[in-house]
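So that the names make sense, note that chain A is the first sequence line, chain B the second, and so on, each numbered from 1. When reading the values below, keep in mind they use all heavy atoms of this one structure, side chains included, and skip hydrogens, waters and symmetry mates.
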Number of protein chains: 2
Amino acid sequence: MNVEKAWETLKEHSFKRTKNREAILEFLAERDGYTAAMDVGEFLKKDNPGVSFDTIYRNLTTFAELGILEETDLNGERQYRMHCDPGVHHHHFICTICGKTKHIPTCPMDHIAVNLPGVEIQGHKFEIYGKCPQCQ
Amino acid sequence: MNVEKAWETLKEHSFKRTKNREAILEFLAERDGYTAAMDVGEFLKKDNPGVSFDTIYRNLTTFAELGILEETDLNGERQYRMHCDPGVHHHHFICTICGKTKHIPTCPMDHIAVNLPGVEIQGHKFEIYGKCPQCQ
DNA sequence: TCATTGATGTGAATCGTAATCATTACTATT
DNA sequence: AATAGTAATGATTACGATTCACATCAATGA
Ligand SMILES: [Mn+2]
Ligand SMILES: [Mn+2]
Ligand SMILES: [Zn+2]
Ligand SMILES: [Zn+2]
């Protein structure tokens, strides 16, 4: 997902175009990995030192709900990244040092037989963790 | 892993046998799902109202490091359960309502080809979430 | 341009967790 | 059983991440 498409989605849901949201999207569009909410905030502060954490968290949550961002919990923090391809379900390798990700195109749910009688499956999580080439 | 084996492990590492640790292990041994630190604390308070949260967190962390407990992050909390079978690698279905788990004996790493050149894989997470029969 | 409505900043609150340290409880030894 | 050494505990304090309430402000469409 790119910034333009994100704005389309936002407009569809009648969210307004604001400097803060522009900055958040601009920042995350240029990163290729998961980024902690606090780091997004650091960036916003450059142009807008008075930006509040609440604004950051509110918008990140909104964007994730709209499918603009992907979300994961990494060592007790919420981290976000541009939803790389909303149309194609996939998973990620995540570097535990810098947060960079790589696609894992296959989904384990398609490859293993789960025997869970009576349960209502709502979702799943599959992530591989490690160090990317630059972080070793 | 049962309580006796847990005590063996603790003794091997010269951890002492205390009322609090007995209560923690007793409690978790009878549960069949992940339990939040706070809930473990609630139980300990019955016999020992003055127990400190630090004692709970310290011991849960210790037990997890020793492989006595398994640990996962579920809605922003750390949750623990008896390590069901340390010898056999496997995964879990987790009920998002009550925390109960069911084994998933297969591991996706054995069933999908990951193409991650140059990365150093340190671990992976595969969990299926949903509602167990009792929670629907 | 104006009015509407949503977005923002402020500051404090909450939540889960960790650090410090003096006191207390185990455990092994005498 | 009394002791000594050491680990565990509870009290307090603090922390980082996130959320809340609410007054103010700004983007948008009419
Ligand atoms: Mn991807
Ligand atoms: Mn299991
Ligand atoms: Zn990296
Ligand atoms: Zn359940």
Legend entry - Between H124(A) and H91(B), ring centroids under 6.0 Å: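 No, the ring centres sit 6.0 Å or more apart.
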Inset, instruction - Check whether the ring centres of H111(A) and H111(B) lie less than 6.0 Å apart, and answer yes or no. - result: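 When the ring centroids of H111(A) and H111(B) are compared, they turn out to be at least 6.0 Å apart.
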Legend entry - Quiz item: cation-pi between K102(A) and Y129(A), 6.0 Å / 45°: no
Inset, instruction - May I ask you to check if K125(B) and F93(A) form a cation-pi contact, with NZ or CZ under 6.0 angstrom from the six-membered ring centre and within 45° of the axis? - result: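 Cation-pi check for K125(B) and F93(A): fails.
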Inset, instruction - Specify whether F15(A) and H13(A) have parallel, tilted or perpendicular ring planes, treating 30° as the upper limit for parallel and 60° as the lower limit for perpendicular. - result: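 Because their plane-to-plane angle lies in the 30° to 60° range, the rings of F15(A) and H13(A) count as tilted.
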Applying a 4.0 Å non-hydrogen cut-off, can you work out what [X] is touching in the nucleic acid: base, sugar-phosphate, or nothing?
X	answer
R78(B)	sugar-phosphate
A36(A)	nothing
D73(A)	nothing
N59(B)	sugar-phosphate

Spacing of [X] atom [atom1] relative to [N] atom [atom2], expressed in whole Å:
X	N	atom1	atom2	value
Q79(B)	dT17(C)	CD	C1'	15 Å
I56(A)	dT10(C)	CD1	C1'	14 Å
D39(B)	dC15(C)	CG	C1'	14 Å
F53(B)	dA14(D)	CZ	P	19 Å
L10(A)	dT28(D)	CG	P	11 Å
H13(B)	dT27(C)	NE2	C1'	18 Å
D54(A)	dA17(D)	CG	P	16 Å
M38(B)	dC15(C)	CE	P	8 Å

Inset, instruction - Starting from the 5' end of DNA chain C, give me the residue, K11(B) or R58(B), whose nearest nucleotide shows up first. - result: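 Residue closer to the 5' terminus by nearest nucleotide: R58(B).
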Inset, instruction - Would you kindly compare Y57(B) and T18(B) by the position of their nearest DNA chain C nucleotide and give the one closer to the 5′ end? - result: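 Residue closer to the 5' terminus by nearest nucleotide: Y57(B).
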Reckon [X] has a side-chain N or O less than 4.0 Å from the OP1 or OP2 of [N]?
X	N	value
N20(A)	dA26(D)	no
S14(B)	dT6(D)	no
N48(B)	dT9(D)	no
R21(A)	dA7(C)	yes
S52(B)	dA11(D)	no

Inset, instruction - Please tell me which of G50(B) and K16(B) maps to the more 5' nucleotide of DNA chain D, matching each residue to the nucleotide holding its nearest heavy atom. - result: K16(B)
Legend entry - base_contact_polar (dG6(C) base, R17(A) side chain, donor-acceptor, <3.5 Å): no
Inset, instruction - State which residue, out of Q79(A), R78(A), E77(A), E71(A), fulfils the side-chain contact (heavy atoms from CB on, under 4.5 Å) condition with Y34(A). - result: Q79(A)
